[in-house]
Amino acid sequence: MNSMTNQLRAIWAFSKREMIIWTSYRVNIWTWIIDVFINTSIFFLISLLVGHHTMGVYGTNYVSFVVIGLSIYYISYTNLGDPFPRVARIYWNGTMDLYMLSPLSYFTPIIGVMFRSVIDDYPRVGLAFLFGWLFFGATFAFKAPIYVLLGVIFIGFSTFGIGMISASSFYLLNFKRGSEPISFILQDVIIALVGGYYYPINILPMYLQILASFIPHTYALDLFRRALLPGASLTKPVLPLQYVLKISPLAVDTLALAVMTFTFLPLGLYLYYAGIQKARKEGTLTRWQ
């Protein structure tokens with residue numbers, strides 16, 4: 001218990017440092033707010049082209065539909081895309097070996113330094129909902145709060161697990177220059193194409209719908225849109241797995257997210273640990289060695 005308390009204190013110290021750095025540049029706050037507002041405005045303008053057509057089983061206007069897409073994007077951008085550059089920052093700053101000589105867990109430093117992105121990206125979710133509702137006619141309902149809560153937990157941990165798999169490649173595969181292919185292929189190619197941020201995936205060819213069935217974003221977006229959008233169907237299947245499993249689509253989404261969480265998170269933590277161990281044995285923990 002005392003060890004866990006010490007790790008939490010260390011995470012808090014890292015997080016406080018990142019918070020001070022982020023807030024020390026006042027212009028960050030204004031550019032941060034403007035960025036969310038502009039993104040929401042773009043999709044409002046696109047919605048004018050869509051008109052009053054409903055979004056299939058999600059039964060609502062396009063702005064409401066895409067605000068939820070933006071929200072999952074912001075969460076994923078941090079959890080999946082941030083671990084690798086944070087490991088790289090610690091490495092190039094020459095501090096990883098110091099952290100490993102301390103009583104810190106292998107995971108404490110990276111969780112702590114990720115807090116800067118957490119405070120940068122997570123509040124964008126609330127702003128996207130706020131701007132969409134205040135200025136662009138987005139409407140929301142809370143029809144299944146338990147599913148929403150479980151969805152938030154599972155999409156957070158599953159994408160963090162994938163992010164840790166990506167971060168492990170820094171040491172395991174020696175991707176120390178530029179970007180690495182794991183997060184690029186997943187985040188910038190597969191998820192961007194078939195995740196369903198901006199359109200329902202059932203408009204895609206079946207082979208792309210099947211590909212989408214293997215990423216957590218597909219199920220999180222379906223779950224949140226069904227549970228939060230007025231007029232969305234709680235019973236009509238739309239994803240391939242929902243046609244296979246003859247249970248509630250919300251239950252299918254939650255089950256799929258749970259399976260991915262308990263697969264990706266332990267795998268990501270294990271591979272990251274293995275990467276650190278490999279670097280310690282080879283003497284490549286920091287650039288100074």
Side-chain angles (χ1 to χ4, degrees), residues 40 43-44 46-47 50-76 79 122 124-126 128-134 136-159 191 193-206 208-264:
T40 312
F43 291 108
F44 169 71
I46 294 175
S47 74
V50 177
H52 297 289
H53 296 289
T54 61
M55 301 303 297
V57 300
Y58 306 113
T60 188
N61 62 68
Y62 184 72
V63 173
S64 304
F65 178 89
V66 85
V67 160
I68 293 179
L70 280 174
S71 301
I72 298 301
Y73 169 79
Y74 288 136
I75 293 173
S76 174
N79 291 12
Y122 281 16
R124 293 172 186 258
V125 174
F129 274 86
L130 180 64
F131 289 153
W133 174 66
L134 280 179
F136 307 123
T139 55
F140 305 99
F142 293 87
K143 296 178 288 186
I146 298 300
Y147 282 111
V148 171
L149 177 60
L150 290 174
V152 169
I153 294 171
F154 287 142
I155 189 61
F157 282 114
S158 61
T159 51
I191 295 171
L193 177 63
V194 303
Y197 288 145
Y198 313 119
Y199 43 76
I201 73 159
N202 62 332
I203 69 171
L204 298 172
M206 182 53 66
L208 289 180
Q209 294 185 43
I210 294 173
L211 177 61
S213 299
F214 293 94
I215 57 175
H217 305 64
T218 301
Y219 301 99
L221 286 166
D222 183 74
L223 185 155
F224 291 134
R225 283 167 175 156
R226 290 179 187 272
L228 296 177
L229 297 181
S233 171
L234 297 179
T235 58
K236 186 176 180 179
V238 68
L239 305 179
L241 189 60
Q242 293 171 351
Y243 286 101
V244 174
L245 301 178
K246 304 299 183 181
I247 56 177
S248 162
L250 288 176
V252 172
D253 294 338
T254 305
L255 177 62
L257 285 169
V259 170
M260 291 182 181
T261 296
F262 291 112
T263 300
F264 294 138

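Bear in mind the structure is a predicted one, so any value in this text is a computation, not a measurement. These numbers come from the heavy atoms of this one structure, side chains and all, not from hydrogens, waters or symmetry mates.
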Once rounded to the nearest 0.5 Å, what's the spacing between atom [atom1] of [X] and atom [atom2] of [Y]?
X: I75; Y: R124; atom1: CD1; atom2: CZ; value: 13.0 Å
X: Q242; Y: N202; atom1: CD; atom2: CG; value: 10.0 Å
X: I155; Y: L223; atom1: CD1; atom2: CG; value: 10.0 Å
X: L228; Y: T139; atom1: CG; atom2: OG1; value: 11.0 Å

Short question: side chain of [X], backbone of [Y] - any donor-acceptor pair under 3.5 Å?
X: S233; Y: V57; result: no
X: K143; Y: A232; result: yes
X: Y62; Y: Y198; result: yes
X: T159; Y: S76; result: no
X: S213; Y: Q209; result: yes

Under the rule for ring pair (Phe, Tyr, Trp, His ring centres under 6.0 Å), what residues qualify as partners of [X], not counting sequence neighbours?
X: F140; answer: F129
X: F65; answer: Y58
X: F262; answer: none
X: Y74; answer: none

Give me the atom names and distance for the closest heavy-atom approach of [X] to [Y].
X: A212; Y: I201; answer: CB-CD1, 3.9 Å
X: L250; Y: A144; answer: CD1-CB, 4.0 Å
X: Y197; Y: H217; answer: OH-CD2, 3.3 Å
X: L257; Y: G151; answer: CD1-CA, 4.3 Å
X: L245; Y: V252; answer: CB-CG2, 4.0 Å
X: I215; Y: G195; answer: CD1-CA, 3.8 Å

Contacts of R226 that satisfy salt bridge (charged side-chain N to carboxylate O under 4.0 Å, His left out) - sequence neighbours left out: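 R226: salt bridge (charged side-chain N to carboxylate O under 4.0 Å, His left out) contacts with D222.
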Residues that D253 engages under salt bridge (charged side-chain N to carboxylate O under 4.0 Å, His left out), provided they are two or more places apart: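 Per chain and number, D253 pairs via salt bridge (charged side-chain N to carboxylate O under 4.0 Å, His left out) with no residue.
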For I191 and Y73: C-alpha separation, side-chain torsions, deciding distance, then whether side chain to side chain contact (heavy atoms under 4.5 Å, CB included) applies. CA-CA 10 Å; I191 295 171; Y73 169 79; over 6 Å; no
Positive for side chain to side chain contact (heavy atoms under 4.5 Å, CB included) with Y219, one of T254, L241, L255, V259: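 With Y219 as partner, side chain to side chain contact (heavy atoms under 4.5 Å, CB included) holds for just one option, L241.
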Please determine whether the number of non-hydrogen atoms from other residues, nucleotides or ligands lying under 6.0 Å from atom CD1 of I146 exceeds 12.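 Atom CD1 in I146 is not packed in, count stays at 12 or less.
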